[in-house]
Amino acid sequence: MTLYFMDGRFTKRDGLNISIDDRGYYFGDGVYEVVKVYNGELFTVREHISRLFESAMKIKLSIPFTEEQLINISKELVAQNSISVGHIYMQVTRGDSPRQHQFPDPTVPAIVTAYAVEAPRPLGNIEKGVAIKSIEDIRWLRCDIKSLNLLGSVLAKQEAHEGGYAEAILHRNGVVTEGASTNMFGIKDGVVHTHPVTNLILNGITRQVVLGLCKELQIPVSEKEFTLEQALEMDEFFYTSTTAEVMPVLTIDEHTIGDGTPGLITKSLQKAFNKKIPVTATK
Ligand code: PDD
C-alpha cells in the first residue's frame with residue numbers, strides 16, 4: 001500500500017484531498033523537487049530541500065514547514081513505503097483558492113504534497129550512452145526556479161521522444177542552455193564545459209555533485225557559454241540529473257560525438273559518482 005503525504009498527514013491515495021481550485025492546476029503556481037533514493041537512503045536531500053525553499057522564495061511562496069520537517073517527511077515516506085531504489089517527488093502549490101491570477105489572501109496556506117516511488121536506475125543507458133536532439137529553448141527567463149510550469153520542457157521532451165531520442169539539448173540563439181530536465185556538459189581537450197549558473201538554467205544538484213567530482217579528480221572546468229556548433233565538436237558529451245545520473249551522449253541529432261562511445265573522462269566521472277552513492281544500489 002502506497003502512502004502519500006498531504007495536508008500534514010500520511011494517507012493512502014484515496015485519502016488525498018486534492019481541490020479543483022488548487023493553484024497548481026490553474027497556473028502551475030508552485031515549485032517541486034525530485035530526490036533520489038539509493039539503498040533506502042535519500043541522496044543529497046538537504047541540497048534538494050534547500051533548493052525547494054529557494055525556488056519558493058523566488059516566487060514569494062511561503063512553505064508552512066521547516067527544511068528539517070520536510071527532510072523528515074521525505075525519510076518517513078521512504079521508510080513507510082519500503083523504497084529501496086527510487087525517488088521522492090515533493091511539490092508545494094500556492095493553495096486552494098477560487099481562480100484569480102493574483103495571489104490569494106495570505107491566510108490561504110500553501111499545499112505540500114509528496115510521495116515516494118520505487119524506480120530502477122537507468123543502468124543500460126548509463127553504460128551504453130544515448131542519442132539527443134537539439135531543440136530551440138522556448139522556456140521563460142526564470143529557468144533557475146524549479147517551478148511546476150513545465151510546458152516548454154514537456155514540448156521539447158515530447159519532440160525528442162517522438163524522434164526516438166532520450167533527451168532534448170536546448171539552445172537559445174545558438175547557445176546550449178541545458179536539457180529538458182537535465183544539465184548538459186561537453187568535454188574538449190580535457191576541459192569540462194557547462195553553462196554558467198544564470199536565470200537560463202536550473203543549477204542541478206547532480207550538476208553540483210559532478211563539478212565537485214571534477215575538482216576532486218583535478219579535471220579543469222569552464223562554466224562559460226558554448227554554442228550548439230561547439231557542442232558537436234566536443235570530444236565527449238554527457239548530461240546529468242537526479243534520475244539520469246551521469247548519462248553519456250553518443251550523438252547529437254545525426255552528428256556523432258568523438259568515436260561514438262562513452263568517453264574516458266565521462267566514465268571516470270561515472271565511477272566517482274558511483275562511489276558517492278550507497279554501494280549496493282545495483283538496480
Ligand atoms: N529535473 N534542468 C532541468 C530543467 C531539470 O528539470 C532538472 C531536474 C535538472 C537537473 O537537476 P537535478 O540534478 O537537481 O535533478 C536540470 C528533475 C529530475 C525532473 O523534473 O524530473
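First listed ligand is number 1; within each ligand, the first listed atom is number 1.
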Asker: Got the closest protein heavy atom to atom 20 (O) of ligand 1, with its distance?
Answerer: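 Here the closest protein heavy atom is Y32 OH, 2.7 Å.
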Asker: Give the atoms of ligand 1, by number and element, whose distance to some non-hydrogen atom of N183 is under 4.0 Å.
Answerer: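 Every atom of ligand 1 under 4.0 Å from some heavy atom of N183: 10 (C), 16 (C).
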Asker: Are any of the heavy atoms in A180 under 4.0 Å away from ligand 1?
Answerer: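 Contact check A180 vs ligand 1: positive.
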Asker: Taking non-hydrogen atoms only, is I201 closer than 4.0 angstrom to ligand 1 via side chain, backbone, both or neither?
Answerer: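 Near ligand 1, I201 shows nothing, with every heavy atom at 4.0 Å or more.
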Asker: Among S241, G204, S181, which residue places a heavy atom closest to atom 7 (C) of ligand 1?
Answerer: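 That would be S181.
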Asker: Which ligand 1 atoms does T242 reach within 4.0 Å, using its non-hydrogen atoms?
Answerer: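 Counting from 1, the qualifying ligand atoms are 12 (P), 13 (O), 14 (O), 15 (O).
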Asker: Would you check if there is a donor-acceptor pair between the side chains of E167 and T182 at a distance under 3.5 Å?
Answerer: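 A donor-acceptor contact under 3.5 Å links the two side chains.
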Asker: Near H48, which atoms of ligand 1 are under 4.0 Å from a heavy atom of that residue?
Answerer: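 Per the distance check, 14 (O).
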Asker: Is L202 in polar range of ligand 1, meaning some N or O pair under 3.5 Å apart?
Answerer: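 For ligand 1, there is no N or O atom that lies under 3.5 Å from one belonging to L202.
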Asker: May I have the step-by-step check of side-chain contact (heavy atoms from CB on, under 4.5 Å) for F273 and T240, ending in yes or no?
Answerer: CA-CA 11 Å; F273 185 83; T240 64; over 6 Å; no
Asker: Counting non-hydrogen protein atoms only, what is the nearest one to atom 2 (N) of ligand 1? Give residue, atom name and distance.
Answerer: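 Nearest protein contact, heavy atoms only, for atom 2 (N) of ligand 1 is E178 OE1, 2.7 Å.
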Asker: Crowded around Q102 CD? As in, over 12 foreign heavy atoms under 6.0 Å?
Answerer: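 Atom CD in Q102 is packed in, count exceeds 12.
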Asker: Identify, for atom 17 (C) of ligand 1, the protein heavy atom at the shortest distance, and state residue, atom and that distance.
Answerer: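 Atom 17 (C) of ligand 1 sits closest to the protein heavy atom K146 NZ, 3.3 Å.
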Asker: Among Ile, Leu, Val, Met, Phe, Trp and Tyr joined by side-chain contacts under 4.5 Å, find the other residues sharing a cluster with I135 and list them by chain and number.
Answerer: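 I135 shares its hydrophobic cluster with L170.
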Asker: In this structure, does ligand 1 have an atom that sits under 4.0 Å from one of the heavy atoms of R51?
Answerer: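 Under 4.0 Å: yes for R51.
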Asker: Between H193 and F226, how do the two ring planes meet: parallel, tilted or perpendicular, split at 30° and 60°?
Answerer: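 Perpendicular.
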Asker: May I ask whether E33 places a heavy atom under 4.0 Å from ligand 1?
Answerer: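 No heavy atom of E33 comes that close to ligand 1.
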Asker: Note the single closest protein heavy atom to atom 21 (O) of ligand 1, along with its residue, its atom name and the distance in Å.
Answerer: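 It is V34 CG2, 3.7 Å.
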Asker: Under 4.0 Å from a heavy atom of R139: which atoms of ligand 1 are those, numbered in the order shown and with their elements?
Answerer: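 Those of ligand 1 that fall under 4.0 Å from R139 are 4 (C).
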Asker: Tell me whether N173 at atom CG has more than 12 heavy atoms from other residues, nucleotides or ligands lying less than 6.0 Å away.
Answerer: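 No.
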Asker: Counting only heavy atoms not in E67, do more than 12 sit closer than 6.0 Å to its CD atom?
Answerer: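 More than 12 within 6.0 Å, yes.
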Asker: Please indicate whether H161 has more than 12 foreign heavy atoms, meaning atoms of other residues, nucleotides or ligands, lying under 6.0 Å from its NE2.
Answerer: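 It does not: H161 NE2 has 12 such atoms or fewer within range.
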Asker: Enumerate donor-acceptor pairs with a distance under 3.5 Å from any side-chain N or O in residues 7-14 to protein atoms, sequence neighbours excluded.
Answerer:
from: R9; atom 1: NH2; to: G15; atom 2: O; distance (Å): 3.0
from: R13; atom 1: NH1; to: Y4; atom 2: OH; distance (Å): 3.3

Asker: In the protein, which heavy atom is nearest to atom 13 (O) of ligand 1, and how far is it?
Answerer: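 The closest heavy atom on the protein side is T206 OG1, 2.6 Å.
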Asker: How about CD on Q100, more than 12 heavy atoms from neighbouring residues, nucleotides or ligands closer than 6.0 Å, or not?
Answerer: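 Yes, enclosed.
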